[in-house]
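Just so we're on the same page: letters track the sequence lines, and every chain starts at 1.
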Amino acid sequence: MIPAWQRKDGRKGIRNVVAVCYLVECAHHVARRIVDRIGAPDVQLIGFPGCYPNAYADKVMRAIATHPNLGGMVIVSLGCESFNRAGLAKAVRESGRPVETLVIQEVGGTAATIAEGIEAVERVRAEADRAERTEMAVDELVIGTVCGGSDGTSGITANPAVGRAFDRLVGEGATCLFEETGELVGCEAIMADRAVTPELGEALKESVAKAERYYTVMGFGSFAAGNAEGGLTTQEEKSMGAYSKSGSSPISGIVKPGDVPPAGGLYLLDVVPDGEPRFGFPNISDNAEIVELIACGAHIILFTTGRGSVVGSAISPVIKICANPETARRLAADMDIDAGRILEDAATIEDVGTEIYNRTLAVAKGEHSVSEALGHQEFILTYKSFEPIGPGCLPTRAGAA
Amino acid sequence: MSAILLHPEDNILVITAAVKPGDTLVVDDTSLTVDAAIGVGHKIARRALEPGDKVLKYGAPIGSMTQAAAPGAWVHLHNMKSDYIASTTRDAVEQRTSS
């Protein structure tokens, strides 16, 4: 069993993080100073930079603020920004967690708010430490996967190995999330065949068609220069490799950022905004996707990389699986698992899939992932707009009702 | 062996260790001479490819040829393209922003 923290909504966490959350860029420095002065790995900085309100950002921030890995929160507001700070504080309080709010314009400026903030964090932390302890089973875990810095090895080694780990986790009742519909362009037909209902299959195809329309307006696919340098030539080639992270389980549903899947199984997280493109690229960097996976309840993120990404995340640990044997040697101190061994005939995809599964459980039980131990706590949340998911997207919930 | 065939229907191979021009690879009894210095993860033609041919990897189409390629030739942005969204390189971004 996995030692865990019991939350009042019934979910269980594998970490007990206190987040210091700034609600506009103008409060970022004060919030960062509070976190830096405390200097504890479980006190982490998150935030939103914009002054204008956004329903998506509000929903994702509330989902993060009530995530099972979170034990409490200190909110840092400048005072005049549009973010609904009272609504956020209320959501945290009603979830049974300690929360304090500091408004820089009321407290009396930078130094005063940093000083008060440090005291507020200590109070919140003391209360978070008293949270009820429990145990959790594999079928209560939510695991997300993302790829970043992909190259021509990603789709041959690390991604299919994550797929094997996902198959085992889903088989044992866990909830697994894969994402980035822009990196499924070209895979829509084979993916739709795995849907648990024909309506869901149509919704999966539509989510990819939406991504293709959106990216076409942006003028770029989900394809960076480094992808080409690493041997990938086209969007659909990158997609085929990315798609293999999903494994071979049936697809149980589609969720959008901030929606928590209703039961165990494999889900697609649709990260591409609905409607006319308004706020720019769907995901400006890998951490934007990681934040959305966490907002859907992910306790741990499995991150595959060929070119060599070093990022981690606030709130939920990130496990790094390196696809390329040359990168695995060059960036060895940043990687949890070397899947490049598959290319050098030193391991099979099954072997690496088992390693990923074992590492996932070890990190769930409290072992630090490499990025976590290095202090990586990236977090980015910006503007988007979404409609609620369509009626065919969660057939298991409809069946249960 | 420093190239692999991912699917029996594929018309490309994936390089698994860096190669240089003139290197000969033997994969499934077929001998191929590489025409370029390319790194891990890149593709070479398994057989002669003509403009318009679908490029097959994992048994699935990943784009179309824009130029002919002999067996062993490097297959990349210079001789194939996406059937969906054009790929972008750093140079192309420079041209866009400077124009």
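Judged by distance alone, with hydrogens and angles left aside, the side-chain atoms of K43(B) form a donor-acceptor pair with the main-chain N or O of G231(A) at under 3.5 Å. Panel note: side chain H76(B), backbone E229(A); no donor-acceptor pair is recorded below 3.5 Å.
Within the model, atoms CG of D345(A) and CD1 of I4(B) stand 9.0 Å from one another, a figure rounded to the nearest 0.5 Å. Note that the CD atom of E236(A) and the OH atom of Y84(B) stand 6.5 Å from one another [nearest 0.5 Å]. Once rounded to the nearest 0.5 Å, the distance linking CG of L77(B) with CG of L232(A) reads 10.0 Å. For the atom pair CG (L6(B)) and CD1 (I156(A)), the distance works out to 4.5 Å, reported to the nearest 0.5 Å.
For N324(A), the part lying under 4.5 angstrom from a heavy atom of chain B is the side chain only. Of the two parts of E326(A), only the side chain, counted from C-beta on, holds a non-hydrogen atom closer than 4.5 Å to a non-hydrogen atom of chain B. Only the side chain of V14(B) comes within less than 4.5 Å of a heavy atom of chain A; its backbone N, CA, C and O stay farther away. V75(B) touches chain A through its backbone: at least one of N, CA, C or O sits under 4.5 Å from a heavy atom, while the side chain does not.
Chain B forms the most heavy-atom pairs under 4.5 Å with one residue out of M240(A), K238(A), Q235(A), and that residue is M240(A). For the set C187(A), G152(A), S154(A), the count of heavy-atom pairs under 4.5 angstrom toward chain B peaks at G152(A).
At a threshold of 4.5 Å between non-hydrogen side-chain atoms, the residues T234(A) and M80(B) count as touching.
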